[in-house]
Amino acid sequence: MLNLLFLLLFPIFSTSYDHHPLDPLSPFELKQVQTLIKNHFSSPPQNVSFHYVGLDEPAKSTVLSWHSSSDNQEIPSRRAFAIVRINSKKTHELILDLSNNLVLSDEVYHGYGYPLQNSAEQTAADKLAQSYGPFVAAIERRNLKLEEVVCLTFTVGWFGEEKSSRLVRVMCYYMDGTVNLYMRPIEGIAVTVDLDEMKIVGFRDRVMVPVPKAEGTDYRESVQRQPLLDSSVKSMAGEKKVGPGFTLDGYTVRWADWELHVSFDMRAGLIISMASIHDQEKGERRSVLYRGFVSELFVPYMDLTEEWYYRVFFDAGDYGFGLCALPLEPSRDCPENAVFMDGYITSHDGTPGLMPNVVCVFERYSGDIMWRHTEDGIPGQRIREVRPEVNLVVRMVSTVGNYDYIVDWEFKQTGAIKVTVGMTGLLEVRGSVYTHKDQIQEDVYGTILAENTIGTHHDHFLIFNLDLDVDGDANSFVKTTLETARVAGNSSPRRSYWRVRSETAKTEADARVQLGSGAAELLIVNPNKRTKVGNFVGYRLIPGAVIGPLLSDDDYAQIRGAFSKYNVWVTPYNKTEKWAAGLYTDQSRGDDDLATWSSRNRDIENKDIVLWYTVGFHHAPSQEDFPIMPTLSRSFELRPTNFFEHNPVLKAKLSEEIVGPANLSASFQ
Ligand SMILES: *[C@@H]1O[C@H](CO)[C@@H](O)[C@H](O)[C@H]1NC(C)=O
Ligand SMILES: *[C@@H]1O[C@H](CO)[C@@H](O)[C@H](O)[C@H]1NC(C)=O
Ligand SMILES: [Cu+2]
């Protein structure tokens with residue numbers, strides 16, 4: 001498999017490439033981390049469990065000067081950042097110098113919250129529950145077969161307790177005739193496990209609720225016996241089948257005028273770095289985005305029953321958005337012309353693990369128009385010009401338990417970057433006594449989707465950390481408001497018009513934006529660079545659907561997920577301020593997060609700044625989401641605004657390589 005993969009990639013990957021300071025840690029480096037840490041804690045021998053290992057990236061100034069210097073320069077020394085638990089008691093943060101094989105620092109973390117769970121301890125906790133006498137009895141009492149029970153560990157949240165220990169709640173599901181275990185929750189049983197002690201510290205068997213039926217829940221093609229719907233598409237028409245128009249040099253992708261670095265991290269998943277565009281007119285490479293990644297996913301559920309109220313998840317911090325990424329399937333998860341990249345992670349004992357095909361890169365032509373005009377106003381002639389839109393997509397899918405999140409970074413020839421989040425997969429449903437809507441008198445916190453099945457209300461807030469460096473790293477955040485102006489006197493037959501008012505944010509408080517209240521356009525500009533006609537060069541945020549918080553500020557869920565209070569935040573760049581809900585989200589208390597940092601109200605004008613944008617979904621499930629949910633997507637776009645002197649794709653060639661929808665022979669008369 002590995003060899004085959006290598007052969008497939010061979011024509012595109014050069015055998016040796018120039019390493020980049022932002023390359024993810026290689027398997028060799030991850031192994032080195034394991035050895036260094038094990039030795040560090042070897043006398044006296046201590047138990048080390050690994051919860052995070054990733055690149056400790058060099059200072060931004062170091063990376064930028066490396067990048068702008070002439071070729072063949074040595075990359076800055078390689079460092080790793082690791083979070084380990086020692087003897088199941090203490091969380092340690094280590095910085096390792098891999099170039100010199102040294103542990104640079106080892107600090108015990110004393111704050112609130114715990115690092116992400118590793119899969120070994122999750123499996124151990126599940127096993128523990130399933131062999132626990134009272135649990136076995138509870139399963140028997142429900143007339144269920146123990147061998148068909150599957151358990152999963154859920155983080156428990158924080159609800160104002162003074163003291164905490166590393167607890168998880170084990171919730172179980174029933175297979176018996178389906179692989180869609182999420183549609184068959186076994187309600188009413190709650191097992192609480194202390195992960196550090198690895199023992200059961202709580203057990204409740206509160207209510208007996210029917211387990212929803214298996215019938216109709218299995219989504220596999222082999223089980224869906226009816227022939228495919230007549231209306232289903234016959235082929236992947238419109239797919240571009242010619243070879244890639246991009247190159248991969250290690251982790252650097254070059255396509256059209258774009259150059260970007262693609263990396264993978266066990267917490268963040270896909271990371272886009274140093275995206276820059278070659279401005280042909282100026283004859284120079286211009287920076288756009290130093291760094292972009294999903295900083296956190298906040299998923300609070302709205303069910304207040306005992307087995308549910310605590311379900312407030314931080315998928316990146318609790319489980320690892322990268323850790324939950326799974327291999328993409330060629331020609332299915334990504335089109336035929338895609339090229340795949342592998343990722344590496346660290347398992348619980350520090351051993352590096354290969355995650356094949358976690359990222360794919362491909363060109364997309366979907367029949368869209370980049371620009372066009374037909375001129376019919378000139379007597380005796382018709383002018384027709386069209387440029388089809390071909391984009392470059394970098395994709396990752398992370399399956400955090402039941403949900404599958406598809407994250408696409410789409411780079412356009414126009415200089416725009418469009419980010420799309422698609423959600424599909426399985427709902428988290430609650431088993432219920434109800435079989436029809438008319439029986440329901442109480443608040444069930446969701447929609448009845450099938451007999452005994454309630455799709456619980458919940459939110460998904462994905463916050464992106466977007467370190468834009470628009471033509472350099474000193475940038476400002478400008479809010480422009482469109483306001484209605486009245487016409488004075490009789491100066492015009494018109495009574496009103498609208499005009500644009502711009503306001504540059506001075507401090508972080510000016511840059512907390514709840515969209516939807518007033519027509520605002522949000523820009524990141526470089527106040528030190530202007531176009532020939534004098535506009536500041538910039539990029540504009542084009543938000544998608546506006547989703548605001550609905551929980552009250554004093555709700556513990558909202559205190560921990562406070563970043564969802566605003567759609568947009570801007571902070572000064574700080575290497576350690578990466579994770580919007582904090583570095584330690586499991587049982588976090590909201591004391592080291594974006595809201596806290598922003599409350600310092602630092603200066604952000606003409607500084608290296610980071611834009612934070614949240615893609616949100618309020619999800620009140622419907623029957624179409626059962627038994628598996630068709631993809632629901634939301635996007636936002638970063639679009640050049642007075643960045644270029646004029647339309648940057650004016651000179652775009654009409655590519656001959658675009659293969660249209662497979663030579664349709666029928667013509668429509
Ligand atoms: C390490 O783990 C083993 C097995 O769980 C245990 O017996 C031992 O006491 C632990 N050592 C320390 C120093 O905690
Ligand atoms: C960077 O952020 C951390 C965490 O918020 C803070 O402790 C530190 O003082 C910040 N550094 C600078 C230079 O602002
Ligand atoms: Cu949802």
Side-chain angles (χ1 to χ4, degrees), residues 33 36-57 79-97 102-118 121 125 153 155-168 192-199 201 265-268 295-296 298 310 312-314 316-320 346 348 350 556-557 559-563 571 574-600 602:
V33 171
L36 271 169
I37 291 183
K38 289 224 155 150
N39 289 343
H40 182 72
F41 292 108
S42 65
S43 53
Q46 312 196 55
N47 291 334
V48 185
S49 92
F50 287 75
H51 295 267
Y52 173 81
V53 176
L55 176 73
D56 178 38
E57 77 257 32
R79 288 184 178 191
F81 176 64
I83 299 176
V84 299
R85 295 272 295 165
I86 299 301
N87 299 330
S88 306
K89 281 199 190 75
K90 283 189 172 136
T91 300
H92 286 240
E93 298 175 0
L94 295 106
I95 296 175
L96 311 157
D97 178 340
L102 289 172
V103 174
L104 288 180
S105 68
D106 168 12
E107 279 179 24
V108 178
Y109 173 68
H110 292 291
Y112 296 122
Y114 299 103
L116 57 86
Q117 300 174 14
N118 63 41
E121 56 194 358
T153 60
T155 46
V156 298
W158 175 69
F159 296 89
E161 309 85 44
E162 276 291 313
K163 276 178 74 87
S164 58
S165 44
R166 238 179 122 231
L167 303 180
V168 287
T192 309
V193 175
D194 183 320
L195 281 186
D196 288 337
E197 302 285 327
M198 203 41 86
K199 69 174 194 212
V201 294
D265 175 80
M266 65 187 267
R267 174 156 179 168
S295 168
E296 194 51 84
F298 170 46
Y310 63 87
V312 174
F313 302 117
F314 293 88
D318 292 358
Y319 301 103
T346 292
H348 65 103
Y556 287 106
I559 290 170
R560 301 173 62 223
F563 71 77
T571 56
N574 176 327
K575 192 181 140 182
T576 65
E577 293 179 357
K578 272 191 189 168
W579 312 108
L583 178 57
Y584 299 97
T585 59
D586 179 11
Q587 298 183 47
S588 63
R589 302 188 180 190
D591 56 355
D592 176 31
D593 60 359
L594 178 54
T596 314
W597 309 328
S598 170
S599 69
R600 288 193 218 131
R602 295 161 290 188

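Model, not experiment: these values are computed from the prediction.
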### Query
When rounded to the nearest 0.5 angstrom, what is the spacing between CG in Leu102 and CG in Leu96?
9.0 Å
### Message
If you compare all heavy atoms of Asn118 against all heavy atoms of Phe50, which two are closest, and at what distance to 0.1 Å?
### Response
ND2-O, 3.1 Å
### Query
Where is the tightest heavy-atom contact between Ala580 and Asp593, given as atom of each residue plus distance?
O-CB, 3.2 Å
#### Entry: Salt bridge Arg267-Glu296, side-chain N to carboxylate O under 4.0 Å
yes
## Note on the structure
When every non-hydrogen atom of Asn574 is compared with those of Arg602, the smallest separation belongs to ND2-NH1, 4.4 Å
### Message
Using a 3.5 Å distance criterion without hydrogens, assess whether the side chain of Asp586 forms a donor-acceptor pair with backbone atoms of Leu116.
### Response
no
### Query
Is the backbone of Arg560 close enough, under 3.5 Å, to the side chain of Ser588 for a donor and an acceptor to pair up by distance?
no
### Query
Quick one: do Glu577 and Arg600 make a salt bridge, cutoff under 4.0 Å?
yes
### Validation row, ring centre Phe298 to ring centre Phe314 under 6.0 Å
yes
### Message
Would you say that Arg589 contacts Ser164 through its side chain, given a criterion of any heavy-atom pair below 4.5 Å between the two side chains?
### Response
yes
### Query
Hey, mind stepping through Arg85 and Glu121 against salt bridge (charged side-chain N to carboxylate O under 4.0 Å, His left out) and telling me if it holds?
CA-CA 12 Å; Arg85 295 272 295 165; Glu121 56 194 358; over 6 Å; no
## Note on the structure
Residues Ile86 and Val48: closest non-hydrogen pair is CD1-CG2, 3.9 Å
### Message
To check you understand the geometry: which heavy-atom pair defines the closest contact between Arg79 and Leu55, and what is its length?
### Response
O-CD1, 3.5 Å
#### Entry: Stepwise side-chain contact (heavy atoms from CB on, under 4.5 Å) check, Lys38 with Val84
CA-CA 11 Å; Lys38 289 224 155 150; Val84 299; over 6 Å; no
### Message
Just so I know, are the side chains of Phe41 and Leu94 near enough to count as touching, which here means a heavy-atom distance under 4.5 Å?
### Response
yes
### Message
Using modelled atom types and a 3.5 Å cut-off, is there a donor and acceptor pairing between side-chain atoms of Tyr319 and backbone atoms of Thr155?
### Response
yes
### Query
Quick one: CD on Glu93 to CG on Leu583, what's the gap to the nearest 0.5 Å?
5.5 Å
### Summary
dist Ile83:CD1 -> Thr346:OG1 (nearest 0.5 Å) comes out at 11.5 Å
#### Entry: Exam field: side chain Gln587 to backbone Tyr112, donor-acceptor pair closer than 3.5 Å
no
### Message
Nearest 0.5 angstrom please: Arg166 CZ to Asp196 CG, how far?
### Response
5.0 Å
### Nearest non-hydrogen partners of His51 and Pro115, listed with the distance
CB-CB, 3.8 Å
### Summary
To the nearest 0.5 Å, atom OG of Ser165 lies from atom CD of Glu197 at 8.5 Å
### Query
How long is the span from the CD atom in Gln46 to the NZ atom in Lys90, to the nearest 0.5 Å?
9.5 Å
### Task
Give the C-alpha distance, both sets of side-chain angles, the deciding distance and a yes or no for side chain to side chain donor-acceptor pair (under 3.5 Å) between Trp597 and Asp592.
CA-CA 7 Å; Trp597 309 328; Asp592 176 31; 3.0 Å; yes
### Task
Report the C-alpha separation of Thr585 and Trp579 in whole Å, then their side-chain angles, then the decisive distance to 0.1 Å, and conclude whether the side-chain contact (heavy atoms from CB on, under 4.5 Å) test is met.
CA-CA 9 Å; Thr585 59; Trp579 312 108; over 6 Å; no
